[in-house]
Amino acid sequence: MKALVLEKAHELRLRELDIPLHVGSRDVKIRMHTVGVCGSDVHYYQHGGIGPYVVQEPMVLGHEASGTVVEVGAEVTHLKPGDRVCMEPGIPAADSRATLEGIYNLDPAVRFWATPPIHGCLTPFVVHPAAFTFRLPDNVSFGEGAIVEPLSIGLQAAKKAALKPGDVAVVVGAGTIGAMTALAALAGGAARVILADLVPEKLALFDGNPAVTTVDVRGTNLAEAVKSLTDGWGANVVFEASGSARAFEGIVDLLCPGGCLVLVGMPGGKVPMDIVAIQSKEVRIESVFRYANIFPRALALIASGQVDVKPFISRTFDFADGVRAFEEAAAARAGDVKIQIEFPQGAEA
């Protein structure tokens, strides 16, 4: 079976790979339809690793996925062949303490697609636990289904922020995760989102949304903009979604007294924090690592029309052009938010 295989940094090939497809009693077999190219996929492609996760042997990339069920295990009752689905890519140990305490995303033993040494899903068929496979509502496309994964990170951030109706939120960074966090903050009750970035093409995707005020930080001081928009009080919540170390310079200045800072993006190294500034405002700090029990909520929000992710799907490539899709994603063109890869349909495993 063909797969998009990362051999090592900068070496990505579409080639045959023997991947087991045994369907257990609680599994489903899925014909892949759409897979999004994530920033972590690109990082593995460019650098061969992320922190302690290093590609030591060939690995299939991809973890933002949708497809069609073609076979179900004997104990699966909520899915059937022909169902259109999206898949949550992290599988925890069922009996781990983290799972039993309801924080399964923090299970140290979690097996996450395209995180070494676990293969991802950029291959025509996958087998996946039915418990982490979710049927798409009829009005949700495969492309939208494949963007549920990054949207779930935004929703996890909004959940951790404990947003209240009418809150003002700042989102730093308008890439895929920042854009999804802005949508999630509005869905979570924020009356206004102040979205900051230095790429005007990404900010422009929110031009038609009256609840989003964009700030191009190349020429505008974000702290002054937030102060002006909040009558000097500050934002109730700040989501740091850029992963840039520079974003932490003066980030507490954006918050109102008693506000909440949510860490979504992942900086490449340690960053300094002004502890006294945090203390003087009694800032609450929350952090996000993936998500837990969020996929059904993300699907419900898309299906209801309250969250529209379609404008953020920038370009789509055929599976046969998967290497070029990664080259384009790595080029980080200003107009691209989410690049996706689509599979030809009807092939047999």
Side-chain angles (χ1 to χ4, degrees), residues 39 153-154 156-288 312 332 334 337:
I153 295 173
Q156 179 85 350
K159 177 182 174 182
K160 295 295 288 290
L163 283 161
K164 300 181 296 296
D167 275 352
V168 173
V170 172
V171 177
V172 181
T176 302
I177 298 302
M180 296 301 104
T181 300
L183 295 176
L186 293 173
R192 179 193 296 271
V193 168
I194 302 166
L195 179 63
D197 204 289
L198 44 73
V199 181
E201 289 85 351
K202 289 180 169 52
L203 296 173
L205 292 170
F206 286 88
D207 282 351
N209 193 323
V212 178
T213 301
T214 59
V215 177
D216 185 339
V217 294
R218 296 176 306 168
T220 303
N221 181 281
L222 179 57
E224 289 300 318
V226 172
K227 184 177 180 181
S228 174
L229 290 164
T230 60
D231 296 325
W233 180 242
N236 303 99
V237 180
V238 171
F239 298 94
E240 201 308 290
S242 72
S244 170
R246 292 185 60 186
F248 287 86
E249 299 173 9
I251 197 166
V252 178
D253 296 339
L254 308 177
L255 282 162
C256 70
C260 179
L261 172 62
V262 185
L263 308 178
V264 188
M266 291 185 171
K270 296 180 180 180
V271 296
M273 295 286 284
D274 188 338
I275 301 301
V276 175
I278 292 169
Q279 290 173 318
S280 66
K281 287 186 174 181
E282 289 197 349
V283 169
R284 176 169 58 92
I285 298 178
E286 297 282 355
S287 61
V288 170
F312 305 96
V337 176

Quiz item: Considering the options Lys160, Met266, Lys159, which one meets the side-chain contact (heavy atoms from CB on, under 4.5 Å) requirement together with Val288?
Solution: Lys160
State, yes or no, whether a side-chain contact exists between [X] and [Y] at a heavy-atom distance under 4.5 Å.
| X | Y | answer |
| --- | --- | --- |
| Leu255 | Val170 | no |
| Val171 | Ile194 | no |
| Val172 | Val217 | no |
| Leu229 | Val168 | no |
| Lys281 | Cys256 | no |
| Leu261 | Met273 | yes |
| Ile153 | Thr181 | no |
| Leu263 | Ile285 | yes |

Tell me the closest heavy-atom pair linking [X] and [Y], and the distance in Å.
| X | Y | result |
| --- | --- | --- |
| Val215 | Ala225 | CG2-CB, 4.1 Å |
| Ala190 | Ala169 | CB-CB, 4.4 Å |
| Asp216 | Arg218 | OD2-NH2, 2.7 Å |
| Ile251 | Ala247 | CB-O, 3.5 Å |
| Ala235 | Val226 | N-CG1, 4.0 Å |
| Gly234 | Thr230 | N-OG1, 2.9 Å |

Counting only N and O atoms by type, is there a donor-acceptor contact under 3.5 Å from the side chain of [X] to the main-chain atoms of [Y]?
| X | Y | value |
| --- | --- | --- |
| Glu240 | Ser242 | yes |
| Ser280 | Ala277 | yes |
| Lys202 | Asp197 | no |

What is the distance from atom [atom1] of [X] to atom [atom2] of [Y], rounded to the nearest 0.5 Å?
| X | Y | atom1 | atom2 | value |
| --- | --- | --- | --- | --- |
| Leu205 | Leu195 | CG | CG | 9.5 Å |
| Asn236 | Arg192 | CG | CZ | 12.0 Å |
| Glu286 | Phe239 | CD | CZ | 10.5 Å |
| Lys227 | Trp233 | NZ | CH2 | 13.5 Å |
| Leu203 | Thr213 | CG | OG1 | 11.0 Å |
| Asn209 | Leu186 | CG | CG | 6.0 Å |

Self-check item: Residues Glu282 and Arg284 bridged, charged N to O under 4.0 Å
Solution: no
Quiz item: Do Leu254 and Leu222 pass the side chain to side chain contact (heavy atoms under 4.5 Å, CB included) test, and can you show the C-alpha distance, the side-chain angles, and the key distance before you say yes or no?
Solution: CA-CA 8 Å; Leu254 308 177; Leu222 179 57; 3.8 Å; yes
Exercise. Check the pair Leu183, Phe312 against side chain to side chain contact (heavy atoms under 4.5 Å, CB included), reporting the backbone distance first and the verdict last.
Key: CA-CA 11 Å; Leu183 295 176; Phe312 305 96; 3.7 Å; yes
